[in-house]
Amino acid sequence: SAHSILYYVSRDDPRGQIPEKPSTDPQYKNWEKGVENWYEKKKGVVLKEPPKKECEVEDFSSFLPKISLSSSSDITSSSTTFTVSLDAPYGVDTVTYSFDGSVIGSTTAKPYSLSYDIPLEKNNSSVLLEVEVKDKNNNKTKTEKNLTIHF
């Protein structure tokens, strides 16, 4: 059966031992009576089962930034501009460009393009251009493109 807190705790010493005779507290009968009444009412009530169906998780991928690199794969000039097209429902924070694994610059404003002078030693080689967009909620999306350089 259910009991009031005074059954388990002495008001004079809340951290002390469980009272041997809780009924010696002058408020015990009042408190215990309320709990007994509540318990009698609830005893015959059948509690509902908790839901068994799992919560459906919304697909948030539609809210992630999307990025498309519109620059050519064939680079024929040492001075070039890389350009991306973006769709970022939460707004763009930063677009970061990496060339062969090293960050070469970033932008925070339209048109989100970056001008870059390709080092002469990269002529007649193939390199990887990576572009990452971070939105204002810190969601990130990355795209990459292999570039053939000959100028």
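Any value given below was found using the heavy atoms of this structure, including those in side chains, with hydrogens, waters and symmetry copies removed. Note that the structure is a prediction, hence the values are computed from the model and not measured.
Within the 3.5 Å criterion, the main-chain N or O of Ser77 finds no donor-acceptor partner in the side chain of Thr80. Using modelled atom types, one side-chain atom of Ser71 and one backbone atom of Thr83 make a donor-acceptor pair closer than 3.5 Å.
Considering only heavy atoms from C-beta on, Phe82 stays 4.5 Å or farther from Val131 through its side chain. Residues Glu132 and Thr141 form no side-chain contact, since every pair of their non-hydrogen atoms from C-beta on lies 4.5 Å or further apart. With contacts defined as side-chain heavy-atom distances shorter than 4.5 Å, the pair His150/Thr76 qualifies. By the 4.5 Å heavy-atom criterion applied to side chains, Phe151 and Ile118 are counted as neighbours. Counting only heavy atoms from C-beta outward, the side chains of Ile18 and Val9 never approach each other to under 4.5 Å. Between Lys134 and Thr96 the shortest side-chain heavy-atom distance does not fall below 4.5 Å. A heavy-atom distance below 4.5 Å is found between the side chains of Val133 and Val92. Val84 has its side chain within reach of Val95: a pair of non-hydrogen atoms, C-beta onward, lies under 4.5 Å apart.
Surrounding NZ of Lys33 are at most 12 heavy atoms belonging to other residues, nucleotides or ligands under 6.0 Å away. The 12-atom threshold is exceeded at CD of Gln27, counting heavy atoms of other residues, nucleotides or ligands nearer than 6.0 Å.
Taking the six-membered ring where the residue is Trp, the centroids of Tyr116 and Phe99 are separated by under 6.0 Å.
Remark: the Thr148 side chain and the Ser126 side chain contain no N/O donor-acceptor pair separated by less than 3.5 Å. Using modelled atom types, one finds a donor on one side chain and an acceptor on the other under 3.5 Å when comparing Ser4 with Glu32.
Atom NZ of Lys21 and atom OG of Ser10 lie 14.5 Å apart (nearest 0.5 Å).
In summary, of the residues considered (Leu128, Ile75, Asp74), a side chain to side chain contact (heavy atoms under 4.5 Å, CB included) with Leu147 occurs for Ile75 alone.
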Please assess Trp31 against Tyr7 for the test side-chain contact (heavy atoms from CB on, under 4.5 Å), listing each intermediate value before the final yes or no.
-> CA-CA 9 Å; Trp31 288 39; Tyr7 184 85; over 6 Å; no

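Think of Val103 as one node in a network of Ile, Leu, Val, Met, Phe, Trp and Tyr side chains linked at under 4.5 Å; it has no links at all.
When all heavy atoms of Leu114 and Ser106 are compared, the pair lying nearest together is CD1-N, 4.5 Å.
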